[in-house]
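Since the structure comes first, as structure tokens, the remarks are kept for the end.
All of these numbers come straight from a predicted model, not from anything done at the bench.
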Amino acid sequence: MKVKRLIAAFCTAALCVTAFAGCTREAVNPVDEGSNSKMQLYVSNYEGGFGKAWLEEAADRFEELHKNDTFSNGKVGVEIKLTSSINGTAGSNFVQGLGTNTNDIFFSEDSFYYDVVAGGYALDITDIVTEPLTMYGESQSIENKMDEALVDFFKTSDGKYYGLPHYETYYGIVYNVELFDQKGLWISTNGTYIRPGEGTKANGPDGQPNTSDDGLPATYDEFYALCDYMTTVGVTPFVLPGKIVACETLMMFQLYADYEGRENFMLNYTFDGVATDLVNSVGGGLNQNGTFNDMLPATTINSTNGYLLKKQAGMYAALEFAKKIVDHASTWCTSGSFLNSEDHLTAKHTYLKNGRATQDNQVAFLVDGVWWENEAEENNIFATWEAYGAPTRETGKFAMLPFPKASEAQVGQPRTIATNCNLSLAFINSKLANDPEKADLAKEFLRFLHTDEEMQNFSVATGTLKPFKYTIPEEKKAQMSYFGRNVVETRDNPNVDTVYTFSSNSKFLNNFSAFYPDYAWANHNPFSDFKIGGTELSTVEGYYAFIMKERDQAWWDRLKG
């Protein structure tokens with residue numbers, strides 16, 4: 001059974017049947033509108049991870065809302081034609097092909113906003129972004145719903161908007177709550193492992209009692225001890241998507257952000273502030289306070305010395321965490337975790353079959369992004385293992401693990417999540433400037449999608465979030481999976497800082513690829529390098545030194561801006 005999806009009250013029964021049958025939504029190629037009775041909008045959607053159901057449902061509601069609209073060419077009503085694919089709808093090749101792309105509206109990812117703007121491919125949408133959404137009963141504008149870092153990035157130097165971030169994403173460690181219950185993996189106040197009802201759960205990394213992370217490891221050492229314990233009760237801690245190295249490196253990126261906290265981490269993008277945890281020497285590694293014995297004094301960071309941020313202690317902490325997993329791979333990881341055959345989909349199969357169809361151990365953790373559950377459903381992975389007693393998306397209890405802290409001294413510090421939104425982007429084809437009536441309709445659709453109600457519907461359909469400020473009412477949360485509710489409640493948690501890794505700083509804008517999260521590890525995968533061994537990248541200290549050398553002052557000085 002799939003997770004229930006909302007359809008607005010104005011959607012008629014007949015329309016709902018048409019929507020879910022999917023009879024008329026797909027576009028083959030844009031055609032001459034003169035042969036159609038309705039005004040058509042052609043929409044290109046990158047469906048990897050997030051699918052297309054959210055967009056089909058929103059299109060149904062928009063068409064119903066505008067079914068009686070008349071246009072100067074005699075057409076009545078609106079029809080949205082959709083091209084949805086994982087191919088040709090995202091990435092640098094997609095951007096390079098925009099000059100000949102005939103779609104009207106784009107929902108993409110891995111598309112650098114300023115490349116789209118510089119190419120003249122995007123229509124000016126400043127009006128719909130800055131005007132209050134009064135026609136939808138809202139007092140705020142889309143701009144009012146954006147984090148200041150997103151406004152800083154998406155508003156160009158001349159005060160214009162040509163696009164908006166599409167979705168909010170981050171990687172991490174998914175854990176199976178039911179498995180923790182069944183196997184008694186919760187940490188108690190006396191340090192033992194318990195099932196619910198067998199004792200009192202210890203405070204988790206937030207350091208507070210009676211919160212959602214109770215019973216989870218509060219420190220790295222507690223996490224390592226839990227992984228060892230899992231192996232004694234028939235549980236393998238990890239499945240890693242060995243072929244998709246970004247899953248591992250971007251999980252480490254989150255560890256790095258969580259260690260640093262909001263202010264220190266954002267220095268990597270704004271280059272404006274004081275760095276308080278720069279390391280002079282890593283000799284001896286992290287001490288009992290989760291820092292180093294040899295630290296630099298607090299240092300003011302600007303666009304001339306940003307290279308010093310390579311010395312942030314969080315980079316070392318993330319490397320140490322990864323090395324510990326690799327060193328215990330034979331017992332902590334599934335057999336395919338480091339193989340090229342284990343991609344983002346097969347890893348989900350390994351995770352969800354969870355020992356039911358084979359004699360393998362059950363698996364506690366999956367390294368993936370917040371869209372993992374929607375992607376698993378879109379690819380029928382839940383359905384594959386349901387016959388063996390595996391949970392469905394609707395019945396399963398999964399959540400994103402709050403990262404443990406490097407030491408007891410850091411327990412209780414706010415959780416920090418860094419999202420770059422996967423360079424996701426929503427924009428309108430600049431060619432519509434030659435067709436003002438259609439341009440207005442396209443802008444109206446984009447505005448409609450950024451109302452609170454439609455963003456709530458997006459979250460219900462995908463189990464994820466839009467990178468805007470909006471509240472999801474309880475009746476809609478109730479239609480989401482356990483994991484989807486966890487994603488929503490995490491962002492709503494006042495003890496969690498969500499950092500949007502964008503900036504208008506010229507060093508960042510002119511050298512974006514040098515600041516993409518993967519590059520934190522100098523375009524390498526520490527998991528693979530640690531596993532292979534035999535090089536300077538075999539140890540945490542060697543890897544850290546490699547990054548220091550690769551991102552030294554000379555490298556920084558070669559950057560533009």
Side-chain angles (χ1 to χ4, degrees), residues 46 48 89-99 106-122 146-158 160-171 245-246 249-250 252-254 256-257 260 265-273 301-310 312 315 369 417-427 467 498-525 547 550-561:
Y46 176 75
T89 53
S92 58
N93 289 337
F94 159 75
V95 173
Q96 292 168 11
L98 283 173
F106 303 94
F107 298 96
S108 184
E109 76 167 26
D110 196 24
S111 302
F112 185 47
Y113 174 57
Y114 281 94
D115 285 345
V116 174
V117 173
Y121 302 131
M146 297 170 68
D147 185 88
E148 60 183 14
L150 293 173
V151 171
D152 184 46
F153 178 78
F154 280 90
K155 182 185 284 188
T156 61
S157 59
D158 59 353
K160 302 288 187 180
Y161 285 94
Y162 295 90
L164 293 166
H166 174 26
Y167 54 71
E168 180 171 308
T169 59
Y170 54 92
Y171 283 81
V245 298
T249 57
L250 293 178
M252 292 178 63
F253 183 73
Q254 293 301 323
Y256 173 19
E260 291 297 327
F265 194 70
M266 275 303 293
L267 292 175
N268 288 280
Y269 305 93
T270 64
F271 310 108
D272 182 16
I301 297 295
N302 53 47
S303 292
T304 64
N305 69 349
Y307 64 92
L308 290 173
L309 295 170
K310 69 184 183 295
Q312 285 184 320
M315 297 187 72
I417 293 171
T419 172
N420 70 345
C421 306
N422 265 19
L423 291 186
S424 67
L425 188 61
F427 64 101
T498 300
V499 174
Y500 298 93
T501 54
F502 293 93
S503 170
S504 63
N505 182 280
S506 60
K507 206 78 163 181
F508 174 76
L509 292 180
N510 294 329
N511 308 275
F512 179 78
S513 62
F515 296 99
Y516 196 68
D518 274 357
Y519 206 77
W521 321 110
N523 281 349
H524 281 250
N525 177 12
I547 294 172
E550 196 279 338
R551 297 191 68 174
D552 62 8
Q553 183 173 358
W555 172 84
W556 178 264
D557 290 342
R558 289 195 297 273
L559 298 180
K560 301 174 184 177

Find the distance between CG (L267) and CD (Q312) and round it off to the nearest 0.5 Å.
6.5 Å
Residues which pass side chain to side chain contact (heavy atoms under 4.5 Å, CB included) with D158, listed by chain and number, not counting sequence neighbours:
T156, K160, Y162
Sorted by chain and number, sequence neighbours left out, side chain to side chain contact (heavy atoms under 4.5 Å, CB included) with A418 holds for F253, Q254, A257, F265, T501
Output for pair (E260 CD, N268 CG), nearest 0.5 Å, gives 7.5 Å
With sequence neighbours left out, what residues match N302 under side chain to side chain donor-acceptor pair (under 3.5 Å)?
T304
Side chains of N305 and Q553: do they bring a donor and an acceptor to under 3.5 Å?
no
Not counting sequence neighbours, which residues clear salt bridge (Lys or Arg N to Asp or Glu O under 4.0 Å) with K155? List them please.
E143
Beyond-backbone contact of T419 with T498, side-chain heavy atoms, under 4.5 angstrom
yes
Considering all heavy atoms, the nearest L250-P517 contact:
CD2-CB, 3.1 Å
With sequence neighbours left out, what residues match S111 under side chain to side chain donor-acceptor pair (under 3.5 Å)?
S108
Which atoms form the tightest heavy-atom contact between K507 and G561, and what is the distance?
NZ-O, 3.3 Å
Suppose we screen for side chain to side chain contact (heavy atoms under 4.5 Å, CB included). Which residues come up paired with S303, at least two apart in sequence or across chains?
F271, N505
Roughly how far, to the nearest 0.5 Å, is CG of L423 from CZ of F112?
7.5 Å
W556 side chain to R551 main-chain N or O, any donor-acceptor pair under 3.5 Å?
no
For the pair M315 and W521, evaluate side-chain contact (heavy atoms from CB on, under 4.5 Å) and give the outcome as yes or no after the intermediate values.
CA-CA 9 Å; M315 297 187 72; W521 321 110; 4.3 Å; yes
Is it true that the side chains of Y121 and Q96 contain a donor and an acceptor less than 3.5 Å apart?
no
Applying side-chain contact (heavy atoms from CB on, under 4.5 Å), run through M146 and Y161 and close with a yes or a no.
CA-CA 12 Å; M146 297 170 68; Y161 285 94; 4.2 Å; yes
Are any of the side-chain heavy atoms of N510 and Y114 separated by less than 4.5 Å?
no
Name all residues meeting the salt bridge (Lys or Arg N to Asp or Glu O under 4.0 Å) criterion together with E168; count only those two or more places apart in sequence or in a different chain, and write none if there are none.
R491
Roughly how far, to the nearest 0.5 Å, is OG of S92 from CG of D115?
9.0 Å
Is the ring pair F508/F153 parallel, tilted or perpendicular, if the boundaries are 30 and 60 degrees?
perpendicular
Contacts of type side chain to side chain donor-acceptor pair (under 3.5 Å), residue Y516, not counting sequence neighbours:
none
Give the ring-plane orientation class for F154 versus Y113, where under 30° counts as parallel, over 60° as perpendicular and anything between as tilted.
tilted
For S504, side chain to side chain donor-acceptor pair (under 3.5 Å) partners two or more places apart:
D152
Tightest non-hydrogen contact, residues F502 and N420, listed as CZ-O, 3.2 Å
NZ/K560 to CZ/F512 distance, rounded to the nearest 0.5 angstrom?
15.0 Å
With Y171 via ring-ring contact (aromatic ring centres under 6.0 Å, His included) - residues at least two apart:
W371
Mind checking what makes side chain to side chain contact (heavy atoms under 4.5 Å, CB included) contact with A514, not counting sequence neighbours?
N511, W555, L559
Suppose we screen for ring-ring contact (aromatic ring centres under 6.0 Å, His included). Which residues come up paired with F94, at least two apart in sequence or across chains?
F106
Could you tell me if the side chain of L425 sits less than 4.5 Å from the side chain of V116, heavy atoms only?
yes
Here the gap from L308 atom CG to D552 atom CG, rounded to the nearest 0.5 Å, amounts to 11.0 Å
Nearest atoms (heavy-atom pairs only) where C421 meets P467:
SG-CB, 3.9 Å
Least distance between heavy atoms, A90 atom then Y46 atom:
CB-CD1, 3.6 Å
